[in-house]
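Keep in mind the model is a prediction, meaning the values are calculated, not measured. Computed over heavy atoms, backbone and side chain alike; hydrogens, waters and symmetry mates excluded.
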Amino acid sequence: MAALLTLAMVFTTWLGEVPVKADVVLPSATNTSFDTARKVTFGSSMSESTTGEDNLRYYKFTVNQAGNLVIRGHGDEHFGVTLYDADHTKIWYDGIWYNNDYSYSVYITGGTYYVEAKADASYRMTIVYNSLSESFKETQDKNNDMTGTASKIALKKKYKGVLTINDGIDYYKFSVPAKGKISFSTTNATSDYVRYKFYDKNLNEVYNVLLRSGNKASEMFDITSGTYYLAVVQNTPGSGIGSYNFAIDYSVKTPAKVSGVKVKNTSGKKLNVQWKKVSGASGYELQYATKSNFKSGVSKKDLSSKKTSATYTKLKKGKTYYVRMRAYVKVNGKKVYGSWSSKPSVKIKK
């Protein structure tokens, strides 16, 4: 027995003192990282117990379009909330100090998000999401943040958009069928100034208006036919967050009156008509008749906008013919006419 005790003492001396392992205290919560984030049930209260060493909790949710996120509750001590996007990129933060209620309002696009709660003590938290029913659903992956992904809109129709903490600009694309006047109306419900910029297809700015939060605007400006872009942008990056409404009305500008109309009789009982070209016209309607009131016996001809003259045959010798013209533009397949020209006349003698 003495020999065994001696051997044990020698073995202990050779190994040195055996260290005593401290107890490892693991957090009872499992949502302590992005990978283990707790799924959020909107509107349900969540309570967590934390300490100075174990002070981070993570939550995850997905929404399919832009909306208002409300995060509210109570923090027993220092409490802060950080919002991350699907790539774990920080997009927003706010916090309180010591035993206070809190309520944060955040506007976001659709997508997957993570909420990081950092607390020195226990806290309660409820997350509520309110969709803003935008006309074009934007997410982190699918949006209209560039001209190449601009949302196509129609004239004379109302639209709603949303600017958020991670989406400071929206592009819309539309076409004008003919020269005319744009009537642009908008209501700004964002938190700050928003600027509305109009560009042509080559991205040259043609018009812009700055609108304060809570205000309405009605703007009118001339425009030619073609493709255009409307950019709705925060005047100051990170500010001007919330929703806006707009509509683009359009009225065609009627073409100018045809001028310089001249008529003459050429051999072979022909009627020759000449006129000056009307800028922006899609074409011309020419009428000739044997009565100046054009009430009967009227012949109508549709002419190309490229033409400035026309000749008509098989007319009656000895008759006097009256001529009048008007230009037109085509809008959505319909003709919009300008005023009639003067009514020159000529007698067919040869």
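There is a path of hydrophobic side-chain contacts, each under 4.5 Å, that joins I127 to I91. When the side chains of ILVMFWY residues are joined at heavy-atom separations under 4.5 Å, either directly or via intervening members, V232 and Y199 end up in two distinct hydrophobic clusters. Both W275 and Y312 are assigned to one and the same hydrophobic cluster, defined by single-linkage of ILVMFWY side chains at heavy-atom distances under 4.5 Å.
Residues E285 and K300 have side chains in contact (heavy-atom distance under 4.5 Å, counting atoms from C-beta outward). Side chains of N143 and D167 form no contact here, defined as non-hydrogen atoms less than 4.5 Å apart. Counting only heavy atoms from C-beta outward, the side chains of F198 and L230 approach each other to under 4.5 Å.
Side-chain N or O atoms of N202 include none that pairs as donor or acceptor with a backbone N or O of N204 at under 3.5 Å. In this structure a side-chain-to-backbone donor-acceptor pair under 3.5 Å is missing from N215 to N188.
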Listed pairs under 3.5 Å, donor-acceptor, residues 71-82 side chains, sequence neighbours left out:
from : atom 1 : to   : atom 2 : distance (Å)
H74  : ND1    : N100 : O      : 3.3
H74  : ND1    : D101 : OD1    : 2.7
H74  : NE2    : N99  : OD1    : 2.8

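Heavy atoms only, all atoms of each residue included: N144 and S151 are closest at ND2-OG, 3.1 Å. Counting all heavy atoms, side chain and backbone alike, L315 lies closest to K270 at CD1-C, 4.2 Å. Looking at every heavy atom in both residues, A37 comes nearest to K60 through CB-CB, 3.8 Å.
For the residue pair E48/N31, the side-chain donor-acceptor check at 3.5 Å is satisfied. Checking D192 against S213 by side-chain atom types alone, no donor-acceptor pair falls below 3.5 Å. Judged by distance alone, the side chains of N272 and S309 never bring a donor and an acceptor atom under 3.5 Å apart. Under 3.5 Å, the side chains of T62 and T112 contain a donor-acceptor pair of N or O atoms. Checking D94 against Y102 by side-chain atom types alone, no donor-acceptor pair falls below 3.5 Å.
With ring centers used as reference points, Y58 lies 6.0 Å or more from Y84. The aromatic ring centroids of Y207 and F184 lie 6.0 Å or more from each other.
Residue Y337 qualifies as enclosed at atom OH: its count of foreign heavy atoms under 6.0 Å is above 12.
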- Residue pair Y129, F61: steps toward the ring pair (Phe, Tyr, Trp, His ring centres under 6.0 Å) verdict: CA-CA 10 Å; Y129 166 75; F61 64 88; 7.6 Å; no

